[in-house]
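Below is one structure; the comments refer to it alone.
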2 protein chains.
Amino acid sequence: MERPDTPSEQRESVHIRTLADLAKLAGVSTGTVSRALAGSDLVKTKTRDFIQALAREHGFRPNQMASKLRTQRTGIIGVVIPLGHELKQHISDPFFMKLIGHLADELTENGYDLLLSRAIPAETPDWLDRICWSGMVDGVIVIGQSDQFDAIEQVAKAYPKLVIWGSHRPGQHQCTVGTDNIEGGAIAAQRLVDSGARKLAFFGYRTGIEIADRFSGVQRVVKQAGASLLHLPCHMSDQLMEAELREHLAANVDSIDGIVTASDLIAMTTVRLVTEMGRSVPGDVQVIGFDDLPLASQTFPPLTTMRQDIEGGAKAMVAKLREAIEGCGIEPLVMKPQLIERGTTKALS
Amino acid sequence: MERPDTPSEQRESVHIRTLADLAKLAGVSTGTVSRALAGSDLVKTKTRDFIQALAREHGFRPNQMASKLRTQRTGIIGVVIPLGHELKQHISDPFFMKLIGHLADELTENGYDLLLSRAIPAETPDWLDRICWSGMVDGVIVIGQSDQFDAIEQVAKAYPKLVIWGSHRPGQHQCTVGTDNIEGGAIAAQRLVDSGARKLAFFGYRTGIEIADRFSGVQRVVKQAGASLLHLPCHMSDQLMEAELREHLAANVDSIDGIVTASDLIAMTTVRLVTEMGRSVPGDVQVIGFDDLPLASQTFPPLTTMRQDIEGGAKAMVAKLREAIEGCGIEPLVMKPQLIERGTTKALS
DNA sequence: GGCCAATTTGCAATCGATTGAATATTTTGT
DNA sequence: ACAAAATATTCAATCGATTGCAAATTGGCC
C-alpha cells in the first residue's frame with residue numbers, strides 16, 4: 001500500500017524464520033525476543049511493542065515444535081480410533097464422525113488441537129502406547145473399545161491421561177465415558193416385547209464389547225419374556241452391511257418380528273430392505289436402532305432408537321481429560337440411554 | 001510371566017524415558033542407541049538387537065517432539081476447517097465429516113498423522129498462516145473456502161504445501177481440488193426445468209464461494225429457460241436449518257415447484273417439511289440435493305442429488321500434497337459433478 | 001553526585017533426539 | 001605380527017524456543 005512499487009515479498013529483505021533472526025534484526029537477545037512475544041512484563045513496554053511490531057511485519061511466528069519440546073506441554077490431544085474388528089472405512093461411520101466433531105469443537109474451545117489417528121491393533125499391538133508415550137500429546141482419547149478392552153486396560157495402568165469412549169466394566173482401570181449398553185439393549189428389547197414381538201433378532205457383530213453388551217441386554221430380556229432370539233452379525237460400514245443384511249433377511253425375515261440393531265445405520269438399511277421385501281415396518285417387523293443420529297429422524301418411517309448423548313459424552317470426556325492432565329484421579333461416567341419412540345415400532349397396547 | 005511374584009511395574013526398576021537413560025543402561029552412547037533404534041546398519045547387529053530388546057523390555061519410545069524438531073520433518077498434515085460464515089456446529093456437518101474420514105484414511109496409509117483444527121477467521125485473521133508456519137506440519141489441507149478465498153490466496157503465494165477443497169477461479173494461486181460447482185448448479189437446475197419446473201428456488205447461504213457458484217449455475221439456466229428463481233438463505237447446521245426452512249417454506253411453498261439445495265442435509269429437511277405441509281414431493285415440488293452422502297439414498301423418497309466424488313477428492317488432495325511436499329509444483333483439479341436420479345424429481349417426459 | 005533498589009536485558013543451560021566427523025575397535029592381508 | 005582397511009562407537013554440534021540466574025541499566029532519594 002505505502003509503496004506499491006515494492007512487492008511485499010521483497011520488503012521482507014531477509015526472511016525471519018527463527019527467534020535468533022528476529023533478535024539480530026531487533027538488536028537484542030533471543031531471550032528478550034522470546035519474552036517479548038510471550039507478552040511477559042519482564043521486558044520494557046517499549047521494547048516489547050517494538051519487537052512485536054517487527055514480528056508482525058515479518059510474519060514471524062515461533063516454531064511450535066521447539067517451543068513444545070522446551071515447555072513439555074504440547075497443547076495437543078491424541079484422538080485414536082482402534083479398528084479392531086472392522087474395516088478401514090469404519091472411520092467414516094457417522095457415529096464416530098459425530099463424536100469426533102463434538103470432540104473437536106470442545107477441545108478447540110479449550111485451547112487444544114487434535115491429533116487424529118486410526119489404529120489397526122491387529123497390525124500394531126502397541127498402537128496405544130505408541131501414541132501415549134510419543135511425547136506429542138498431553139492426553140489421549142480413545143473412541144470405541146472395539147476388541148481392545150484388555151490392551152487399553154494395560155496402558156491405562158501406567159498412563160493416567162487417558163479417557164475412553166465405551167462400556168464400563170466393574171473394577172476397570174480405564175476411565176470410560178459411555179452409555180449403559182446392557183441397559184440400552186434391554187430397554188429396546190423390552191419395548192419390542194411390550195408391543196407384541198416374540199421372535200426377536202439382533203443385528204451386528206459382537207466382537208466389540210459395546211455391541212456385545214447391547215446384545216447381552218437384549219438376551220436377558222428375551223429370556224425373561226420367553227421369546228426367541230436370533231443373532232445376525234453384520235458390519236458397520238455401509239459398503240458391506242447391505243449385502244450381509246440382504247442375505248440374512250432373505251433367509252430369516254419370516255421368523256422375525258422385532259429387531260434391535262447395533263447402530264442407526266444398520267436399522268435404516270434394515271427398514272429399507274424389509275420394506276423392499278414386501279413386509280411392513282412396523283406392521284410385520286418392528287425395528288429399534290441405536291445412537292439416535294440426526295439421520296434417524298429423517299428416514300421414512302422415522303426410526304425408533306436408543307439415544308446416546310454424544311454431545312454430552314464428548315463434553316464429559318474433555319472435562320475429565322483436563323482433570324487428568326492437571327493430575328487429578330478421574331472416575332468413569334455411565335450415561336443412561338433413552339428410548340426415542342418414532343415410527344418403526346408399534347404403539348403400545 | 002517369568003516371575004509372577006514381581007509386578008511388571010517394579011521390574012522396570014528405573015523408568016527409561018529418554019535415549020540417554022537407555023544409553024546409560026546399555027552402556028553405550030546416545031548416538032548408538034539412536035542409530036540402533038532406527039535400525040541403522042552402522043551399528044553392529046549384536047548391539048542393535050541388544051538395544052532394541054532393551055527398549056522393548058522397558059517400553060521405551062523416543063520423544064517425537066525432539067525427533068521431529070531435529071529432523072525438520074513432522075509427518076503431520078494440518079487439516080483446517082475455516083468457519084467463516086457458519087456456526088461452530090458446522091464441523092460436525094456430515095459432508096465435512098465424510099471428507100475428513102477419507103482424508104484420515106488416506107493420510108494414515110501414507111504414514112502421516114492428522115492435526116485437526118477449526119479456525120474462526122473472524123476472530124483470528126491469521127488463522128491459516130498460524131498453522132502453515134507453526135513448524136508443526138509438513139503440509140496443510142483446508143476444507144472449504146468459506147468466505148476466505150482471498151485470505152487463502154495470500155497465504156498460498158508464500159506457502160506452497162497447501163491444498164484446498166473448494167471452487168476453482170481462473171488465475172488463482174491456491175491449488176484447489178473440488179467439484180465444478182457452477183456446472184453442478186446448472187445441471188441440477190436444467191434437470192428441474194426439463195421435468196417441467198418453472199418456479200425455481202435455491203436454498204442456502206451464498207457467503208462461501210462454493211455455494212455461490214452453485215447458485216450462479218442455477219441462475220444461468222433459470223435465465224436461459226425464462227423461469228423464475230427465489231433465493232432463500234439457510235444455514236448448514238441442523239439446529240438452525242429447520243426453523244429457517246420452515247419459515248421460508250411457509251411463506252413461499254406455493255410459489256415454488258423446483259428446489260436446488262446447497263447440501264443433502266438441507267434437501268432432506270426440505271423434503272420432510274414440504275411433505276408435512278401437505279404438498280407432495282416430487283408431485284408439487286421437486287427437490288435436488290448436493291453431495292450424495294450415504295443418507296441421500298436412505299430417505300423417503302430417496303433424494304435426487306448432485307454427486308461429488310468425495311473419496312476421489314480426498315485421495316487426490318493427499319496425492320497432490322505429497323507432490324508439493326516433495327517440491328513439485330501442483331495443479332488444481334476440477335471434478336465433474338454427476339446427477340444421481342432418485343425419487344425427488346419427476347420422470348422426464 | 002553517589003548509592004541502593006528496581007527494572008531490563010543478556011547469558012547459557014535445557015528440552016531429547018539426530019548426525020557428521022573423529023576416534024576406537026576389529027578384521028583382513030601378507 | 002604388523003600395517004592397512006573396514007567396521008563400530010563416541011563426541012559434540014544441532015534443531016529453535018524457553019527460563020533461571022547473573023549482569024547491566026535505570027530510577028529514586030538524600
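Each chain gets a letter, A, B and so on, in the order the sequences are listed, and its residues count up from 1.
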Find every protein N or O atom lying less than 3.5 Å from an N or O atom of nucleotides 19-22 of chain C, and list the pairs.
residue	atom	partner	partner atom	Å
C:dG20	O6	B:Arg35	NH2	2.9

Show me, pair by pair, the donor-acceptor contacts under 3.5 angstrom made by side chains of residues 38-48 of chain B, not counting sequence neighbours?
residue	atom	partner	partner atom	Å
B:Ser40	OG	B:Leu42	N	3.0
B:Arg48	NE	B:Ser40	O	3.4

Taking distance alone, no hydrogens or angles, what donor-acceptor pairs closer than 3.5 Å link side-chain atoms of residues 119-126 of chain A to residues at least two apart or in another chain?
residue	atom	partner	partner atom	Å
A:Thr124	OG1	A:Ile120	O	3.1
A:Asp126	OD1	A:Arg130	NH2	3.3
A:Asp126	OD2	B:Arg61	NH1	2.9

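For the salt bridge (Lys or Arg N to Asp or Glu O under 4.0 Å) test, no residue two or more places apart in sequence or in another chain qualifies with B:Arg17. Residues satisfying the side chain to side chain contact (heavy atoms under 4.5 Å, CB included) test with A:Gln64, not counting sequence neighbours, are A:Lys68, B:Ser134, B:Met136. Residues passing the ring-ring contact (aromatic ring centres under 6.0 Å, His included) test with B:Tyr159 are B:Trp133, sequence neighbours excluded. In this view, B:Glu153 and B:His173, B:Gln174 satisfy the side-chain hydrogen bond (donor to acceptor under 3.5 Å, both in side chains) rule, not counting sequence neighbours. For B:Arg169, the salt bridge (Lys or Arg N to Asp or Glu O under 4.0 Å) partners two or more places apart in sequence, or in a different chain, are B:Asp213.
Within the structure, every pair that satisfies the side chain to side chain donor-acceptor pair (under 3.5 Å) test and touches residues 317-327 of chain B, not counting sequence neighbours, is listed here: B:Asn110-B:Arg322. Counting only residues at least two apart or on different chains, no ring pair (Phe, Tyr, Trp, His ring centres under 6.0 Å) pair has a member in residues 35-54 of chain A.
B:Arg118 and A:Asp105 are joined by a salt bridge, as a carboxylate oxygen and a charged side-chain nitrogen come within less than 4.0 angstrom of each other.
Of the residues B:Leu22, B:Leu19, B:Ile51, the one that meets the side-chain contact (heavy atoms from CB on, under 4.5 Å) test with B:Ser34 is B:Leu19.
Summary of the strand contacts: A:Gln72 and A:Leu42 both lie near DNA chain C, and taking for each the nucleotide with the nearest heavy atom, the more 5' one is attributed to A:Leu42. Residues B:Asp41 and A:Leu37 each lie close to DNA chain D; by heavy-atom proximity, the contact nearer the 5' end of the strand is made by B:Asp41.
Backbone-only contact: A:Thr18 has heavy atoms under 4.0 Å from sugar-phosphate atoms and none from a base. The residue A:Val33 sits apart from the nucleic acid: no heavy atom pair falls under 4.0 Å.
Comparing the helix axis at one end of the helix from C:dG1-D:dC30 to C:dT30-D:dA1 with that at the other, each defined from 5 consecutive pairs, gives an inter-axis angle of 40° (nearest 10°).
Rounded to whole angstrom, the span from the CZ atom of A:Phe50 across to the C1' atom of C:dT8 amounts to 16 Å. Summarising the geometry, the separation between CD1 on A:Ile51 and P on C:dT8 is reported as 13 Å, rounded to the nearest angstrom.
Nucleotides of DNA chain D that come within less than 4.0 Å of any heavy atom of chain B span, from the 5' end to the 3' end, D:dA8 to D:dG16.
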